[in-house]
Undergrad: 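Let me give you the structure first, and then I'll get to my questions.
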Amino acid sequence: MRQPAAAQATSAAAEPAPLLEVEDLRKSFRRGGGSLLGRRGTAVRAVDGVSFTIRAGETLGIVGESGSGKSTTGRLLLRLLEPDSGRLRFDGQDLLIESRSAFRHRRRDLQMIFQDPYASLDPTKTIGASVTEPLRIFEKTTRRESENRGSELLSLVGLRPDHLGRYPSEMSGGQRQRVAIARALSLAPRLLVADEAVSALDVSTQSDVLNLMRRLQRELDLTYLFISHNLSVVRHMSDRIAVMYLGRIVEIGPADQVYLQPRHPYTRALLSAIPVPDPLIQRTRPRIVLTGDVPDPAHPPQGCNFVTRCPHAVPVCHEVDPVLEPDGGGYAVACHLSEGQETPDRTPRSSAAAPTQTGP
Amino acid sequence: MVTIVGRRIIAIVPVLLIVSFLTFSLTYLVPGDAASVAAGDNASAEQIELVRRQLGLDRPFLVQYASWLWHVAQGGLGTSLLSSRSVLTSLVEALPVTLSLTLLAMLFAVVVGLLLGILAGLRPGSALDRIATTVASLGISMPSFWLALILVNVVALQFGLAPVAGYISIAEGGLTGWFQHLLLPAVALGTITAAEVTRQTRAGVVDVGGQDYIRTAVAKGMPTRVVVVKHTLKNAAIPVVTVLGLQFGALVGGAIVIERIFGLPGLGTLAIDSVLNQDFPVVQGLVLMITLFVLLVSFLVDTSYLYFNPKVRQS
Amino acid sequence: MVVDAPVPAASPTRSPMRVFARRVLRSKVNLACLVFLGLVVVCAVFAPVIAPFDPNLQHLDSRYLPPFRWPYVFGTDDLGRDVLSRALLASRVSVIAPLISVGVALALGVSFGLAAGFVGGRVDSVLGRLADAVNSIPALVLALAVIAVLGPGLVNAMLAVGLASAPRLFRVVRGATLAVREETYIEASTVVGCSRLRTVAVHVLPNIRSPLLVQTSLLMSFALLAEASLSFLGLGIQPPDPSWGAMLRTAFEQQFLGPWLVVVPGLLIMCMVLSFNLLGDGIRDAIGRERGTW
Amino acid sequence: MSSEALLRIRDLRVEFASDDGWQRVVDGAHLDVQPGGARALVGESGSGKTVTALAAMGLLPRRHSRIPTGRIELAGQNLLDLSDRQLRPLRGTELAMIFQEPMTSLNPAYTVGEQIAETVRVHTGASRKDAWRRAVEVLGEVGIPAAARRALEYPHTFSGGMRQRVMIAMAISCRPKLLIADEPTTALDVTVQASILALLRELQETTSMAVLLVTHDLGVVADFCDDVTVMYAGQPVEEADTVELFGSPRHPYTSGLLQAMPQAAHTGLDLSSIPGVVPRADRMPPGCRFHPRCSHAQEGLCDIAEPDLVPVDGAHTSRCLRIQRGEIDELSRTVDDRVGAARADLDGRTL
């Protein structure tokens, strides 16, 4: 479990090379199913040219609503789905040239935690069997060894060794999610993809699991890709945030910048839509209510994907698809208006970046 | 909508092809030799060889299949090895008997099953529900030919309320004569299906009753009648119709035994005779014809989904 | 305010299978069915010991005896054979025949069903069409066709019935596999490095065992009915060996002289079929409640 | 006075049948909804909030549930005294309800227009034509574009947000005085949630309809509601005006919930959490039901005595003995209150 940490320590000394590089990743699904007669459904572009990098030890958050392609992106990274095109480089090595079966050894480095802790554990297996299954597959551990390692893993995530013999149905949602984390950590992975890892939990339990994940990241030098629809949670966990809409990243950058000075109108709408749990603030803040629903991804609009719901849309938005433009400082936004006049993104940074100075 | 129906019809074709292929291949699994059976018991080797060539049995397998299929498609099912009659003629003669029997049984099953099932499903756990469920459990476990024997014994032999056996077509005996002769067989045959329909209807009604949209209907103040008749039954019908489609095959199978008991000259009687005598052209013809009817019924069932389920209609 | 229920101590670990078994056994109906089926198996094993007479021995001086004439408890048939002894021996057929059919159906249905459900795509559509085709031939008709080729006999008949009921099992297994495949724990098993084969064997199969059990029980009843029908038609078991279906054939042929002969074998068939059916329902209910727990 | 309340629930108990006998899932629910007001019923899963709402509509499954005691008064009339036949005309006209799952709450076999028109016909006796016209009209009111055309379509062609709008249209078609909304936005995306809440707010203003909003999301409460009732383990534990409750929570559970929410800028810090889980209905701890998870619990007091819901500060009520005795002064609401203020300041400028 400690071995990869050492490897990372050396690379962290120099300017860290990205642990994971994703380049122009694409995936479409066919909808309306083909039949023997060869009919083809319409193509739905679930992930439509996504690029980003994750540095070792950092957390990249991906936020988006349903249909944004955030979960598909996570699955593509682990090759639970095969990408149509694009490049995936992990620690400098191309992941996509490997055959699917050869990719199996990558599972040691790349692990995942799923949304629903009620569904991600096999109900017919004991907690111990679930947690140590990776060890038995990759290290052919003996039963006794597995048991010891299982206890270690459980205590690592704050559970007791006597939970080993329990079944998932006997545990609470929070406990199950801890088990899922323990299983993901059993092979000492370097990158952990957390797909809506706390969405199914109650608020009081959710914070527990988030705290655990942060502690483990510090202790084990983990790198996270943290996927969620909940911007507050993503913000809490992430160093950088990517905002996805209809299969694309529309804005990506340091968490503070995306959260406090969003430039894309969608990000702003998203931020505005999250109610702040304080009536005095919530009721006085101006809000942007978007009209309409997310368009059908099988028939995305002409021009900018967001044009149908964008309150600021100008003629060019209906014509030209904006590209994600990096500003050189690790920040990028895909909007024609991002440098324009009508969006007040030039608020003085000083006051925004120092919120704690304005006391009551 | 037309395209959906069209697509369903087209989907039948590969299934029919597979069935025809299976049926045709059957004869090749025979330990004996079709040619020697056809030539008769005392035929010499030359005679058998002659028959073989006449029947085209010396050609490659696929060629034989293709030519057989070509004939079948034109209605040429060959001639019976035993009676030398046209297979098609025998089948067409026997078909009305079996169809009358199965359709009457189906009617009986639908009427009884729907009634019991709806009554039981609307009040799960009530006395009526428990009675209906018990009756259905018994009905589903009762061998139809045993029920037939009992009916013959009691209704026909003891009380003389119905003819013991035989068949009279509508042309011969009018509607009453036809109905009298088919009543007992149809009840015996339809009981299992009636029980199955009861269970399925009950389950469907109970299941739909627990759906969110029924709660919505109650929440917006709909009277019970509207909730039941309008919101529940149409949705509960889908699994029931499915069961009816599946049950048709079972009815045809059951008819074989029932026909034997009541001496009805239908497909079943024909089937048993030809099986015992290894009369393959007839067996093949039977399998094909029965399968065709089963597929036809399941096509009708599929089509009825279009009425019950708008999702299917618009996809 | 007082809490009515006392706070129980933390319950000991219960495996889902044990919980499930307890649920099934909690119902008196299920228990009764299991007891009856157990009894039939005991009779089948010890038939020669229990039977008061040689089942094939003809007492030509005491033919057509109605029930309850000592020493022939259930009476005698047209050849003066003891009905009780024949019924006891016939229970062997009632145990073995469904096992043959269901064995065949399980072997075909489970393997193809798992393959179709888990692999999907072309494999699924080809197997699906094949199942559709076999399924559109009524089971008894298919059995007749196979018997036409292989000749009458119990084993042939039951192989045919097994073949004919395989599509039903195939559909159930395929459907259950499709449902389980969508579960996150299957995806999770891939993530932790399970090969496809391991995933199917370790994670899919145990999770479809409940619907499989239900179908197996229901198929047993179907196979028993089919055996009875075929033997009744003279295409299954061959005389003089008894099966309950074959005994009904005798009853049918002698319905004027010995109308009571129809009672015993028919009741036995019905009870056994009923047991399998009720057991299947009982298991299904137990699963239902298993899902509903919180 | 509370006698003016449109909906008054007093000491409501609800029990569900289980393998081990009757289990009390709601134990003394208590709340008021003022005419035209918006009351939130907040709690985590298992708190009994949805059951309380269903009881108010008379929608509890009859065979598996019972109400041993309690009153549910609508404009002074106890709904629990009414037969189903008497209750029916009130549903849809006096009180209406929308549900969490818009995907399954509409009948798949009928067009949405038909389902709304049916409601109008049954309650007003309107002709088919008039009822249809009204259906199209309310569909327009709830912001469904091309309402006349969409009324002819089946539910499966609508997205989740649009279906919830249809549900709202159906609920308001006969102008009810009270709308019970059970987690109406939980299954929806945040941007869609925002637009649904905006719609509800607008309808409330134009029709002066009262709303009982059942939710687990304190953000939604802050956004939408005038008053809040917090439920825990089948009991209301705190009740207050929204601003008051968020400003100075008077029950450790409420303050725990508030603190557990990830907040704007304290990214570097651990979130506070409430240890343990909600107890099951058949394993309620003695004393205060929250004491095993409470950081303020006092041995010898909270694990023995059962607190009542009593006023602690004007109309602000709390079910906490230590608060009632004045032993705890301030419960913090967030890690750093200034963060929120800063955020408001910021929002004012950027958005």
Undergrad: Given that the side chain runs from C-beta out, which part of B/Val297 has a heavy atom under 4.5 Å from chain C: side chain, backbone, both or neither?
TA: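 Nothing of B/Val297, per the 4.5 Å heavy-atom cut-off to chain C.
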Undergrad: Between the side chains of B/Arg199 and C/Asp281, is the shortest nitrogen-to-carboxylate-oxygen separation below 4.0 Å, so that they form an ion pair?
TA: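 Salt bridge: yes.
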Undergrad: Between C/Phe232 and B/Phe145, does the ring centroid distance fall short of 6.0 Å?
TA: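 Between C/Phe232 and B/Phe145, the centre distance is under 6.0 Å.
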Undergrad: Most heavy-atom pairs under 4.5 angstrom with chain C, which of B/Ser274, B/Gly253, B/Gly268?
TA: B/Gly253
Undergrad: Could you have a look at B/Val252, B/Leu17, B/Ile140, B/Leu22 and say which one has the most heavy-atom pairs with chain C under 4.5 angstrom?
TA: B/Ile140
Undergrad: Testing the basics here: between B/Val301 and B/Gly245, what is the closest heavy-atom pair and its distance to 0.1 Å?
TA: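 Closest approach of B/Val301 to B/Gly245: CG2-CA, 3.5 Å.
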Undergrad: Using non-hydrogen atoms only, which part of C/Leu267 is less than 4.5 Å away from chain B: side chain, backbone, both, or neither?
TA: both
Undergrad: Walk me through whether C/Ser231 and C/Glu227 qualify under side-chain hydrogen bond (donor to acceptor under 3.5 Å, both in side chains).
TA: CA-CA 6 Å; C/Ser231 294; C/Glu227 183 277 327; 2.8 Å; yes
Undergrad: Identify which of C/Ile269, C/Val134, C/Leu230, C/Ile137 forms the greatest number of heavy-atom pairs closer than 4.5 Å to chain B.
TA: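 Counting heavy-atom pairs under 4.5 Å, the top option is C/Ile137.
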Undergrad: Would you call B/Arg202 and B/Asp129 a salt bridge, using N to O less than 4.0 angstrom?
TA: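 Answer for the salt bridge query: yes.
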Undergrad: Is C/Asp241 paired with C/Arg86 through a side-chain N to carboxylate O contact shorter than 4.0 Å?
TA: no
Undergrad: Do you know which of C/Leu248, C/Leu225, C/Val146 has the most heavy-atom pairs under 4.5 Å to chain B?
TA: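 Most heavy-atom pairs within the cutoff with chain B belong to C/Leu248.
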Undergrad: Does any heavy atom of chain B fall under 4.5 Å from the side chain of C/Asp132, the backbone, both, or neither of them?
TA: both
Undergrad: Check C/Arg63 with C/Asp78, please: is the shortest side-chain N to carboxylate O separation under 4.0 Å?
TA: no
Undergrad: Counting heavy-atom pairs under 4.5 Å with chain C, which one of B/Leu267, B/Ile290, B/Ile261 comes out on top?
TA: B/Ile261
Undergrad: Based on non-hydrogen pairs under 4.5 Å, which of C/Ala133, C/Gly266, C/Ser275 is most in contact with chain B?
TA: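 Result: the option with the highest number of such pairs is C/Gly266.
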Undergrad: So which part of C/Arg249 gets closer than 4.5 Å to some heavy atom of chain B, the side chain, the backbone, both or neither?
TA: side chain
Undergrad: How are the rings of B/Phe24 and B/Tyr65 set to each other: parallel, tilted or perpendicular (split at 30° and 60°)?
TA: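 Plane angle between 30° and 60°, so tilted.
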Undergrad: Check each atom of C/Ala228 against the heavy atoms of chain B and say whether the ones under 4.5 Å are side chain, backbone, both or neither.
TA: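 When you check distances to chain B, atoms from both the backbone and side chain of C/Ala228 fall under 4.5 Å.
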Undergrad: Side chain from CB out, backbone as N, CA, C, O: work out which of these in B/Leu138 comes under 4.5 Å of a heavy atom of chain C, or both, or neither.
TA: both
Undergrad: Name the region of C/Phe256, side chain, backbone, both or neither, that has any atom closer than 4.5 Å to a heavy atom of chain B.
TA: side chain
Undergrad: Most heavy-atom pairs under 4.5 angstrom with chain B, which of C/Asn135, C/Leu233, C/Val141, C/Leu142?
TA: C/Leu233
Undergrad: Need one label for C/Leu278: side chain, backbone, both or neither, based on atoms under 4.5 Å from any heavy atom in chain B.
TA: side chain
Undergrad: Check whether C/Leu224 gets within reach of chain B through its side chain, its backbone, both or neither, counting any heavy atom under 4.5 Å.
TA: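 No part of it gets close to chain B.
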Undergrad: When the ring planes of C/Phe68 and C/Phe74 are compared, do they come out parallel, tilted or perpendicular, using 30° and 60° as the limits?
TA: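 The arrangement is perpendicular - the two ring planes meet at more than 60°.
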Undergrad: If you look at every heavy atom in C/Ala157 and C/Gly236, which pair is closest and at what distance?
TA: CB-CA, 4.3 Å
Undergrad: How close do B/Ala120 and B/Ala132 get, counting heavy atoms only, and between which atoms?
TA: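 Scanning both residues completely, I find the closest heavy atoms to be CB-CB, 3.8 Å.
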Undergrad: Identify which part of B/Val283 has an atom lying under 4.5 Å from any heavy atom of chain C, answering side chain, backbone, both or neither.
TA: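 For B/Val283, side-chain heavy atoms alone lie under 4.5 Å from chain C.
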Undergrad: Which atoms of C/Ser221 come close to chain B, meaning under 4.5 Å heavy atom to heavy atom: side chain ones, backbone ones, both, or neither?
TA: neither
